[in-house]
Amino acid sequence: MVGAVPDSSSDAPGGRRRDPPGSLQAPLWRSIAVYRFAALAYVAVLAVRNLGDYTHPVSGAVLLLAMTGWTVLSAYAYADPTWRRWPLLLADLAVVLAVVVAAPRVVGREVMNDGVPPPSVAWLAGPVLAWAVSGGRRRGVVAALVIGVTDLVARERFAQASLTGAALMLLAGIAVGHVVRLAVIAEERLQRAVELEAATRERERLARGIHDSVLQVLALVQRRGAHLDGEAGELARLAGEQEAALRSLIASRAPDGLDRQEVDLRSLLAGYASPTVSIAAPATSVPLPAGVAGEVAAAVGAALDNVARHGGGRGWVLVEDDPDAVTVSVRDDGPGIPPGRLTEAAGQGRLGVVQSIEGRIADLGGTVRISSAPGEGTEVELRVPRGPSVPGQRADR
């Protein structure tokens with residue numbers, strides 16, 4: 001619902017709630033309060049000027065005092081986000097409707113027909129603005145129609161001025177409701193940007209920790225085992241390669257907006273081709289945002305690493321480009337995965353599949369399906385939907 005109040009509103013002095021810092025709706029509610037007091041001042045000037053012409057001047061003074069009291073009370077109530085609910089909105093509408101119905105009787109229809117405006121003029125648009133801010137264009141239109149029709153019926157005379165006032169209220173409800181909708185969209189995008197910045201800072205913090213620990217250990221293993229033969233030398237060489245790859249990953253940082261530029265997924269997957277790995281892709285390019293394509297390629301690389309580490313056989317990569325999604329299948333002819341092995345590995349803290357494959361694809365809003373049986377190989381199917389998804393946006397949000 002447009003205009004819903006976040007539960008994160010902080011307490012204000014006196015136990016009242018207030019809008020969260022940076023809320024784009026708070027200025028709109030303050031603007032409504034300003035409008036109500038300005039309209040009340042205008043009505044008061046007209047009432048003082050024309051009070052002697054009213055049929056019931058005492059009732060007119062009482063009505064003006066009631067309007068003043070409700071203006072103060074409603075401004076105070078709408079300032080608290082927890083009060084911007086149906087009870088207050090309906091009460092606001094009911095009070096204004098009562099003033100609209102009472103105004104012709106207080107002023108007198110003959111006096112109004114002579115051109116004396118009722119005390120409800122201009123002031124009656126307050127609920128229209130409040131409903132539009134709380135619920136968008138539809139609510140604003142409903143409030144405008146209810147008040148406009150009631151005003152026309154209470155006057156018992158359809159003059160051009162009265163029709164113009166109803167039309168202006170209707171336009172105000174539509175315009176303000178549209179502005180509120182744009183404000184809600186902008187606030188949602190701002191919140192996503194803040195979350196993305198927080199995630200980026202967390203990755204940088206983890207990168208510093210990796211640099212201070214894991215990289216130093218890999219470098220030490222590479223230096224100590226560089227002169228050794230056999231399996232020890234091979235381990236030292238692998239440690240050196242992983243150190244270089246990890247340093248490159250930490251040091252690389254795409255410029256702003258680069259992750260949304262499209263690249264051909266085939267070019268990224270072509271680097272995995274080898275005598276034991278076959279790549280089958282469409283003849284035409286498979287464009288994806290750079291950030292998305294990079295994560296898919298990394299997930300494919302993790303799946304191929306598992307093939308080399310556990311399967312020891314051949315691997316096949318098949319790329320399918322559909323209008324609504326891109327599917328990449330990684331299949332091998334290895335020994336397969338025993339039932340329950342992935343759950344057991346995750347329980348032991350070995351999160352290669354969970355984090356490197358499933359985690360990456362889930363962050364893109366996609367799905368991973370793993371099919372395997374002992375002695376029949378393994379197939380990992382990665383499916384990523386086309387659209388505005390970016391890394392860090394999971395499908396379950």
Side-chain angles (χ1 to χ4, degrees), residues 1-38 74-90 92-93 125-144 169-204 254-260 289 291-292 362-365 385-397:
M1 181 183 69
V2 178
V5 180
D7 295 335
S8 59
S9 301
S10 57
D11 289 326
R16 288 170 54 79
R17 306 280 286 178
R18 62 185 180 185
D19 292 284
S23 174
L24 300 180
Q25 290 195 26
L28 297 176
W29 289 107
R30 289 194 294 267
S31 298
I32 293 178
V34 172
Y35 171 82
R36 285 179 179 268
F37 281 104
S74 61
Y76 179 81
Y78 280 124
D80 189 340
T82 58
W83 283 57
R84 300 168 191 162
R85 311 291 185 187
W86 279 114
L88 178 58
L89 294 170
L90 293 174
D92 193 10
L93 183 63
V128 176
L129 302 178
W131 279 49
V133 172
S134 67
R137 290 170 292 186
R138 293 181 180 178
R139 283 194 189 178
V141 168
V142 170
M169 280 195 302
L170 183 62
L171 293 176
I174 295 175
V176 173
H178 182 66
V179 170
V180 169
R181 179 57 184 168
L182 295 179
V184 170
I185 295 175
E187 195 165 8
E188 292 174 351
R189 291 180 178 176
L190 178 61
Q191 180 63 27
R192 288 197 295 268
V194 171
E195 294 175 354
L196 181 59
E197 181 182 4
T200 301
R201 291 181 178 178
E202 178 64 13
R203 285 195 296 269
E204 291 177 351
D256 294 339
L258 184 60
D259 59 339
R260 294 189 177 274
V292 176
D363 284 344
L364 301 176
R386 289 192 176 278
S389 301
V390 295
Q393 182 176 355
R394 287 182 177 266
D396 56 359
R397 288 187 180 177

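For the single chain, residues carry numbers from 1 onward in sequence order.
- The residue from L93, V141, V176 that alone fulfils the side-chain contact (heavy atoms from CB on, under 4.5 Å) condition with W131 is L93.
- A pairwise comparison of heavy atoms in A77 and W83 identifies O-CB, 3.3 Å as the closest pair.
- Between A79 and P81, the shortest heavy-atom distance links the atoms O-CD, 3.5 Å.
- Looking only at distances, a side-chain donor or acceptor of R84 sits under 3.5 Å from a matching main-chain atom of Y78.
- Closest non-hydrogen pair, R137 versus H178, comes out as CG-N, 3.3 Å.
- Counting only heavy atoms from C-beta outward, the side chains of L89 and R85 never approach each other to under 4.5 Å.
- Expressed to the nearest 0.5 Å, how far CG of L190 lies from CD of E188 amounts to 11.0 Å.
- Residues V133 and R139 have side chains not in contact (no heavy-atom distance under 4.5 Å, counting atoms from C-beta outward).
- The CG atom of L28 lies 11.5 Å from the OG atom of S134; values are rounded to the nearest 0.5 Å.
- The shortest heavy-atom contact between M169 and V128 is O-CG1, 3.6 Å.
- At a threshold of 4.5 Å between non-hydrogen side-chain atoms, the residues W29 and D80 do not count as touching.
- Among all heavy-atom pairs drawn from A132 and G173, the shortest one is CB-O, 3.7 Å.
- L129 is not listed as a side-chain neighbour of R36, based on a closest heavy-atom distance of 4.5 Å or more.
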After noting the C-alpha distance and the side-chain angles of V184 and Q25, does the key distance pass the side-chain contact (heavy atoms from CB on, under 4.5 Å) rule? CA-CA 8 Å; V184 170; Q25 290 195 26; 3.5 Å; yes
